[in-house]
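Following: one structure in structure tokens, then a few remarks.
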Amino acid sequence: MPRWKKPTKEETRELRRRLAERAAAGDLRLPQAVSEIRRALGLNQKQFSELTGITRRQVAEIETGKANPTVDTVAKIGRLFGFTLGFVPKSCLDSPAEDHK
């Protein structure tokens with residue numbers, strides 16, 4: 001497996017732009033969101049864990065979907081990128097009838 005390479009400033013800017021677009025569209029889900037936020041900040045898992053105060057193992061487990069992070073943990077991660085926790089409406093493409101099944 002190749003070593004992780006820190007993105008350039010341009011790559012980081014593009015990652016942040018795409019991430020913000022997906023968040024605005026309501027298309028940002030754990031665990032991919034955590035991985036994408038970390039990469040958009042240009043951090044490896046160890047650096048990210050030190051910055052958030054959670055362990056590197058927790059970061060890895062969140063990113064692979066093996067962990068069920070607390071609200072506080074998700075809030076710490078989101079704050080790094082200027083996100084807050086809240087409810088996200090389903091896409092307008094979803095039919096209201098499907099919501100009640």
Side-chain angles (χ1 to χ4, degrees):
M1 186 159 134
R3 279 184 69 114
W4 180 81
K5 182 182 142 214
K6 186 170 181 167
T8 65
K9 286 184 180 182
E10 294 78 26
E11 290 170 330
T12 298
R13 195 176 358 244
E14 178 61 19
L15 288 168
R16 286 181 179 209
R17 185 191 62 74
R18 280 189 270 152
L19 190 59
E21 284 177 358
R22 289 185 53 216
D27 188 31
L28 196 56
R29 306 280 186 268
L30 282 171
Q32 296 97 346
V34 174
S35 177
E36 290 181 34
I37 288 171
R38 178 178 59 78
R39 289 181 177 149
L41 293 170
L43 303 173
N44 61 32
Q45 287 182 341
K46 183 176 188 261
Q47 294 166 325
F48 190 76
S49 71
E50 291 168 355
L51 188 61
T52 58
I54 60 178
T55 67
R56 195 211 58 79
R57 182 177 178 164
Q58 284 176 298
V59 172
E61 288 178 352
I62 291 168
E63 289 183 0
T64 59
K66 294 179 182 174
N68 188 13
T70 65
V71 170
D72 288 338
T73 299
V74 175
K76 285 179 188 178
I77 293 168
R79 272 195 300 268
L80 290 175
F81 211 72
F83 292 156
T84 59
L85 296 180
F87 293 99
V88 178
K90 286 190 167 200
S91 169
C92 60
L93 299 175
D94 292 338
S95 132
E98 291 179 13
D99 292 341
H100 301 294
K101 286 184 179 179

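Quick note: residue numbers are just sequence positions, from 1.
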Contacts of Gln45 meeting side chain to side chain donor-acceptor pair (under 3.5 Å) (sequence neighbours excluded), chain-then-number -> Arg56, Glu63

CD of Glu61 to CD1 of Ile54, rounded to nearest 0.5 Å, is 10.5 Å

For Leu41 and Arg16, the nearest pair of non-hydrogen atoms, with its separation, is CD2-NH2, 3.2 Å

Nearest heavy-atom approach of Leu15 to Arg39 is CD1-O, 3.7 Å

Problem set entry | 4.5 Å side-chain heavy-atom contact, Arg17 and Arg13 | no

Rounding to 0.5 Å, atoms CG (Leu19) and CD (Gln32) come to a distance of 11.5 Å

Rounded to the nearest 0.5 Å, the CG atom of Leu51 sits from the CG atom of Leu80 at a distance of 4.5 Å

Got a sec: does the CZ of Arg57 have more than 12 other heavy atoms crowding it under 6.0 Å?
no

Requested in this report: Before giving the answer on side-chain contact (heavy atoms from CB on, under 4.5 Å), spell out for Arg22 and Arg18 the whole-Å C-alpha distance, their side-chain angles and the decisive distance to 0.1 Å.
Outcome: CA-CA 6 Å; Arg22 289 185 53 216; Arg18 280 189 270 152; 5.5 Å; no

message: Please check this pair: side chain of Ser49 against backbone of Lys46, looking for a donor-acceptor N/O pair closer than 3.5 Å.
response: yes

Nearest heavy-atom approach of Pro69 to Leu30 is CG-CD1, 4.3 Å

Looking only at heavy atoms, the pair that brings Lys76 and Thr52 closest together is CD-O, 3.2 Å

Donor-acceptor contact present, side-chain Glu50 to main-chain Gln47, <3.5 Å = no

Separation between CG (Asn68) and OG1 (Thr73), nearest 0.5 Å, reads 10.0 Å

Rounded to the nearest 0.5 Å, the CZ atom of Arg38 sits from the CD1 atom of Ile77 at a distance of 10.5 Å

